[in-house]
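Notes for the one structure printed next.
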There are 2 protein chains.
Amino acid sequence: MSTVDASTVDSAVGTVERPTADPDLSRLSLNQKTTNSWGVAQAVDGCVRAGVPAIGLWREPVQEIGLEQAHKLVRDAGLRVSSLCRGGFLTAPEPSARRRALDDNRLAIDEAATLGAPCLVLVVGGLPEGSRDLPAARALVADALAELAPYAGERGVRLALEPLHPMYCADRAVLSTLAQALDLAEAYPVEQVGVVVDTFHLWWDPAVFEQIRRAGDRIASFQVCDFNLPIPADALLARGMMGDGVIDFRPFREAVDATGYTGDIEVEIFNADVWAADPDEVIATMIRRYANLVL
Amino acid sequence: MSTVDASTVDSAVGTVERPTADPDLSRLSLNQKTTNSWGVAQAVDGCVRAGVPAIGLWREPVQEIGLEQAHKLVRDAGLRVSSLCRGGFLTAPEPSARRRALDDNRLAIDEAATLGAPCLVLVVGGLPEGSRDLPAARALVADALAELAPYAGERGVRLALEPLHPMYCADRAVLSTLAQALDLAEAYPVEQVGVVVDTFHLWWDPAVFEQIRRAGDRIASFQVCDFNLPIPADALLARGMMGDGVIDFRPFREAVDATGYTGDIEVEIFNADVWAADPDEVIATMIRRYANLVL
């Protein structure tokens, strides 16, 4: 397994781990899941200490300290909020569960607006319990989007549809490719519905660069992390620090830039070893790897 | 985890596990990996006992008893060979490793011809050790195919390109979608290069039914098994008995049939619980599930 201890990490990626005198961090964002043991206040402080100018927030830690307090912390620190994670889980077919899901997504949109987050990331949900009807689950997502998109648009928040790696199709997201996300998004004004380009989820897709070109100004969020092997027992934790896995990042960054995207590049890592490491060290490694492997 | 014990299995799938008086098994094939503890002779006997008319063979157990002996066993039992698994692993860039891989694939083609297998399944290989260059690995596969396709065609064996689930892209197959497999195959005569439609690998793909239509007479093999959750520690063993996972099989079978495919429907399961069960019981369950969920 990977480690984020600086010395072993250096040898792991060899010459790409060269020190960078003055890396341009102006577009780097720490998704707070990467420093999972920290609350919002600690993550904000960590970004400031390290010179990271933006942060991707999660609803649960924001709710722990309260929405207004989280907003104040981020604003006083001079950080941008690159995204709020996450809404979605829109595939429950029962009317009451569906109403609860839509209500919760409207609340998440309100939270994103208060926090000044330009987009709310949507993980759309997997197959309903006991169901094998993938087309029906996808139709439920499309229907929910029709309800949520205008609501988001009115509040200046963009819904960011995130296609997830196909290994999560059954239990997390029936949205698996960028093409599929764009098919959904293109029914709405570009400021209402965009897509997330996440290297972990999309790196394997033979059509991905063609679809990034197609995405154009639909790209609402660009997230990077590596795909590690072997896939751990909890498949959600297969995300790795850039350089520890199999992904070639620069072609993705260049393709996303070529669409005209000038937004933040968010590093979001779910990984037991990363989470067990000292978060300041994780941020230091993230900065080096970002400079050497993504820029 | 799933079990193939007949009684629990019955309750697991509820009403779909109804007894079928006289199921049509004429297109059913046992891929011998499903009864992994059996050698060729036992698997052939097991098929005969259960009335399964076809078998998918693997090279290693065939080599254990010798090619001619395997051929004699299958022929004397009156079974069809639906496929030989497998060739491929064509992504090593070093000239000597590449030469060895091509030589081994030519040998596998010869074996398929001797066994009367209509196709040799190709698992194309993952990223070379230490490489992150996915386009280069894919180019190596395309180059190897140019060398192997005419050789296979001359021997009456069809190469069957198998797109694997994207979770195996790094370590098993840089070929991940049916569209990608067809893009490769269509450069060759239809009798030289076809594709494998395997429900486990393709069920999640939003474009799969469109691509099955496109495939037409390129379908060289149709394999079924379920996608089980959670993904086990050894991700290769996530394949499950039909009915134990999340796949809706009938739409796949109907889509494949609609192309004009009248060949065998092969059940190939890698699963620790299935492998630990009594193989005759596994075949009995396979027949019931095939009748109730696939036909």
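Since we're looking at a predicted model, the values are computed, not measured. What you see below is based on every heavy atom in this structure, not just the backbone, and it leaves out hydrogens, waters and symmetry mates. Chain letters run A, B, ... following the sequence lines, proteins first and then strands; every chain starts at 1.
- Side-chain contact between Phe227(B) and Cys169(A) is absent, with no heavy atoms from C-beta onward closer than 4.5 Å.
- Atom CD of Glu129(A) is surrounded by 12 or fewer heavy atoms from other residues, nucleotides or ligands within 6.0 Å.
- The two residues Trp203(B) and Leu127(A) make their nearest non-hydrogen contact at CZ3-CD1, 4.3 Å.
- Asp248(A) contributes atom CG, which lies 9.0 Å from atom CG of Leu134(B) (distance to the nearest 0.5 angstrom).
- Note that the CG atom of Leu236(A) and the CD1 atom of Ile231(B) stand 9.0 Å from one another [nearest 0.5 Å].
- Checked options Leu175(B), Val174(B), Thr177(B); the residue passing with Pro206(A) is Thr177(B) (criterion: side chain to side chain contact (heavy atoms under 4.5 Å, CB included)).
- Considering only heavy atoms from C-beta on, Pro166(B) stays 4.5 Å or farther from Met167(A) through its side chain.
- Only the backbone of Ile247(B) comes within contact range of chain A, judged by heavy atoms closer than 4.5 Å.
- Panel note: side chain Arg132(A), backbone Phe249(B); no donor-acceptor pair is recorded below 3.5 Å.
- Residues meeting the side-chain contact (heavy atoms from CB on, under 4.5 Å) test with Ala185(B), sequence neighbours left out: Leu161(B), Val193(B), Val195(B), Arg218(B).
- The part of Ala233(A) that comes within reach of chain B is its backbone (N, CA, C, O), which places non-hydrogen atoms under 4.5 angstrom from that chain.
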